[in-house]
Amino acid sequence: MTGDNGRGDSQVNCGAKGSDAHKHKDKHKDREHRHKDHKKDKEREKIKHSNSEQKEHSEKKHRDKEKLRHGDGSSDKHREKHKDKDKEKRREDRIQSSHSDKPKKEKENGYVRETSPAAIKSEPEDDNSFYPSPKHNKTSKRECDDEEYEYKPKKVKVEHEKKAKKRKHEYEDDEEDENIKHKKKTKDKKTLEGKKAKKEEEEKWKWWEEERYTDGSKWRFLEHKGPVFAPPYEPMPDKVKFYYNGKPMKLSAPAEEVATFFAKMLDHEYTTKDIFRKNFFKDWRKEMTSEEKSKITDLNKCDFGEMNEYFKAQSEARKQMSKEEKQKIKEENERLLQEYGFCIMDNHKERIGNFRIEPPGLFRGRGDHPKMGMLKRRIRPEDIIINCSKDSKHPKPPPGTKWKEVRHDNKVTWLASWTENIQGSIKYIMLNPSSRIKGEKDWQKYETARRLKKCVDRIRAQYREDWKSKEMRIRQRAVALYFIDKLALRAGNEKEEGETADTVGCCSLRVEHIKLYPKLDEQEYVVEFDFLGKDSIRYYNKIPVEKRVFKNLQLFLENKQPEDDLFDRLNTSILNKHLQELMDGLTAKVFRTYNASITLQQQLKELSCSDDNIPAKILSYNRANRAVAILCNHQRAPPKTFEKSMQNLQTKIDEKQNQLSAARKQLKAAKADHKASHDEKSKKAVEVKRKAVQRIEEQLMKLQVQATDREENKQIALGTSKLNYLDPRISVAWCKKWGVPIEKIYNKTQREKFAWAIDMAEKDYEF
DNA sequence: GTTGTGACTTAGGACATTCCGG
DNA sequence: CCGGAATGTCCTAAGTCACAAC
């Protein structure tokens, strides 16, 4: 077993569900169904940018295109051929024309103020002495937006003494250390609890009320314990055999470990995929002794069956563990979290996001990944670069090992990093989203989007103008930008061919990804998009565009092969440079943030109804959220049990309905009874029945709301947009305005991440 | 300009835990 | 209290984008 967090093989499971062609097919069909189901969905019509209506019409037709998701890749060589051509074209392109550039603005928002050097605090050892006790410098609420920003010379983050004390309580309560727990018990628990609830809000460190660094540094002081390594490999018991060519064979530990990775995945279809097997076998052989290497020459002759059984039995055993055993594991995890899960950054104890090193296993990228099945090797201390402040207590490498390097770079936010062997990219250990460093950035992101709001009209006017440009590159840029704005497409960086799954974004769209229909059904100038985007999620949409855009697209398509770039004179760097000139800090992805947030705000305005009850309001919120998810194409695989659970729900609704009519009859009867007798007893009976009817009505209502919500949500993932695209202040304001408790919208983790927004947004907040 | 690299955000799926009606 | 659904957490892949180096 590798990572004994119970998820040791997780990277390998990732995407397993969708890994083979059939499954994908199914998945897609499923999604299509869902789209069809949505047809009636009136909510959709209201969505500003959503073109889902059209989407649905054509879905049926599109079944045969299913394979697209993990397409056959047959066009690759072809594409290569055309690369040179592209370059030529680009050269031709510089025909002329001075394009009036907007003067650059000054600075990235929020990072404009003067920095003042900060005192570095290095003391705290003990979990509860993290909060020194400087004077708190209460500043007026900070505006993140540069234009509205008040610049005040500043101290470092400091915490009010009182606050610091309170914080202690908080930690006591949440993350008790044994002896603190003890102390706590001696206190009057009730008082403490009562106070705690009240304090909770006011005592959390409000970094958003403090100044930020303006010199590009991310921190002054950083201390942590280093990462937690994956548990070492535990060899198989001898009785569990591996067979080669029908004969048992004892493997060397390294070879055996890699074999177990494969054995664990035997049930997954992708172990039958050629690329997967090829990659695995190649990497596995590298781990073998020369003797093994000479013996094991054919993966098909390998039998991992017993090993597979063994792991199944193990995971079964884990499920069957007693309460105490489970508790013990939990406690151990908690201990690890306490020890390694936090760091001290600038006087504050902050939660680390991922303090565990990724365990070794077989790589399974998403979609049709050329590297699937490769061995993701075990990370050792010698691979790790530690980042912390000079004057901190440096983390110790495990006994007998060394770090690759210890550096002190406060221009970056990571605590540790290593190079991963599949793509050769760097992986990092960073802080939790609730941390100051992530929160500030997030806040800033939404401020940039709000600045875009102020000038989006101008920018739109500009790109529309550019559709007429004499220069091809400008036209392409303008059309691409139109897509990014209207359809919330991603920028679409170039990718190295053969290194990753074949997916695209706006700038990397190819001819084969769009189809033009001068006339389709009732509509003119329809463009059909069909391509795989990030994570190999299919983007399928039919959308009418303006005539000029359409004509331009026709022009771009002239004399091109399906595998040629649609925008052959454009890439993300050109586009972003242009955007930067239009607005300081503007990049392609800001449009996604902007359009997502503005859509939410609009939808909430439209859908919310003051006499709705809370569940109905939440339904409206979810619908608004859903509009955004559709815009951003955030999909999810329909839950496996969806159909069944839907049926169950329907049965419940039917039952409830029967109950209701029965209850109504009874009420009627009781009323009649009362009319006849006019006595107290019958009057009471009427009341009782009335209440019953009311209650059942409510229950029915609730069920129906639930059914609608769930149905509408079948294949749409709301979480991604909620977490990454929607300015949380919009949601907070909405909650305040309509009296919806914030807990109904954000769970605990989300509330932690958005603490800044929850604290600062009032009901009249406007994005 | 092109290419490569580094840092950081965004993403969906697997798995664990909690919730809820019977 | 039990089982299934819902929700929450963890995991890590896959994007974006700036910047350095040629």
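Chain letters run A, B, ... following the sequence lines, proteins first and then strands; every chain starts at 1. Just so it is clear, the model here is predicted, and its values are computed rather than measured.
One interatomic measurement links the two molecules: CG of A:N333 to P of C:dT9, which rounds to 15 Å at whole-angstrom precision. Summarising the geometry, the separation between NZ on A:K326 and C1' on B:dA16 is reported as 10 Å, rounded to the nearest angstrom. Spacing between atom CD of A:E497 and atom C1' of B:dT3 amounts to 16 Å, rounded to whole angstrom units. Taking atom NE2 on A:H634 and atom C1' on B:dT9, their separation rounds to 12 Å, with Å as the unit. As rounded to whole Å, 13 Å separates atom P of C:dT12 from atom CG of A:L362. The CG atom of A:D727 sits 16 Å away from the P atom of B:dT9 (whole-angstrom rounding). Between the CG atom of A:D442 and the P atom of B:dT10 there is a distance of 7 Å, rounded to whole Å. Rounding to whole angstrom units, CG of residue A:N571 and C1' of B:dG1 are separated by 9 Å.
For A:R366, taking side-chain heavy atoms from C-beta onward, the closest of the listed nucleotides C:dC10, B:dA7, B:dG12 is B:dG12. Of the candidate nucleotides C:dA14, C:dA13, B:dA7, C:dA13 has the atom nearest to the side chain of A:E358.
Within the 3.5 Å criterion, the main-chain N or O of A:D485 finds a donor-acceptor partner in the side chain of A:N595. At least one donor-acceptor pair under 3.5 Å links the side chain of A:S315 to the backbone N or O of A:K312.
Residues passing the side chain to side chain contact (heavy atoms under 4.5 Å, CB included) test with A:K328, sequence neighbours excluded: none. Remark: A:F262 engages A:F280, A:F304 in a ring pair (Phe, Tyr, Trp, His ring centres under 6.0 Å) (not counting sequence neighbours). Taking A:E358 as the reference, A:K376, A:K427 meet the salt bridge (charged side-chain N to carboxylate O under 4.0 Å, His left out) condition, with sequence neighbours excluded. The ring pair (Phe, Tyr, Trp, His ring centres under 6.0 Å) search around A:Y621 returns A:W734, not counting sequence neighbours. With sequence neighbours left out, A:R751 forms a salt bridge (charged side-chain N to carboxylate O under 4.0 Å, His left out) with no residue at all. Here A:A480 pairs with A:C506, A:F567, A:L570 under the side chain to side chain contact (heavy atoms under 4.5 Å, CB included) rule; sequence neighbours left out. Listed by chain and residue number, A:E752 satisfy the salt bridge (charged side-chain N to carboxylate O under 4.0 Å, His left out) test with A:K748 (two or more places apart in sequence, or in another chain). Taking A:N387 as the reference, A:W219, A:R407, A:D409, A:V412, A:W414 meet the side chain to side chain contact (heavy atoms under 4.5 Å, CB included) condition, with sequence neighbours excluded.
When the nearest nucleotides of DNA chain B are assigned to A:V412 and A:S573 by heavy-atom distance, the more 5′-ward of the two goes with A:S573. With the nearest nucleotide of DNA chain B identified for both A:R592 and A:K319, A:R592 has the one nearer the 5' end. Nucleotides of DNA chain C nearest to A:Q423 and A:G353 differ in position, and the one nearer the 5' end is that of A:G353.
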Under 4.0 Å protein heavy-atom contact, by nucleotide of nucleotides 15-22 of chain C - B base, S sugar-phosphate only = SBBS----

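In this structure, A:Y428 reaches the bases: a heavy-atom distance under 4.0 Å links it to at least one base atom across the strands shown. A:T413 comes within 4.0 angstrom of the backbone, heavy atoms only, and of no base.
Proximity of A:K441 to the phosphate of B:dA7: no side-chain N or O atom is located under 4.0 Å from OP1 or OP2. Close to C:dA13, at under 4.0 Å from its OP1 or OP2, lies no side-chain N or O of A:H369. A:K445 has no side-chain polar atom (N or O) that falls below the 4.0 Å cut-off from OP1 or OP2 of B:dC8.
The minimum heavy-atom distance linking A:T419 with A:R377 is given by the pair O-NH1, 3.9 Å.
Using a 4.5 Å cut-off on side-chain heavy atoms (C-beta onward), A:T593 and A:T448 make no contact.
Classification of the A:Y270-A:H268 ring pair by plane angle, with boundaries at 30° and 60°, yields parallel.
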Identify each atom pair where a protein N or O and an N or O of nucleotides 3-6 of chain C are less than 3.5 Å apart, giving names and distance.
residue, atom, partner, partner atom, Å
C:dA5, OP1, A:N648, ND2, 3.3
C:dA6, OP1, A:R710, NE, 2.4
C:dA6, OP1, A:R710, NH1, 3.1
C:dA6, OP1, A:R710, NH2, 2.0

Where do N or O atoms of nucleotides 18-20 of chain B meet protein N or O atoms at under 3.5 Å, pair by pair?
none

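For the contact set between residues 743-755 of chain A and DNA chain C, defined by any heavy atom under 4.0 Å, the members are A:N747, A:T749.
The pair A:K495-A:E499 fails the salt-bridge criterion, with no side-chain N (NZ, NE, NH1 or NH2) lying under 4.0 Å from an Asp/Glu carboxylate O. With salt bridges taken as basic N to acidic carboxylate O contacts below 4.0 Å, one links A:E440 and A:R436.
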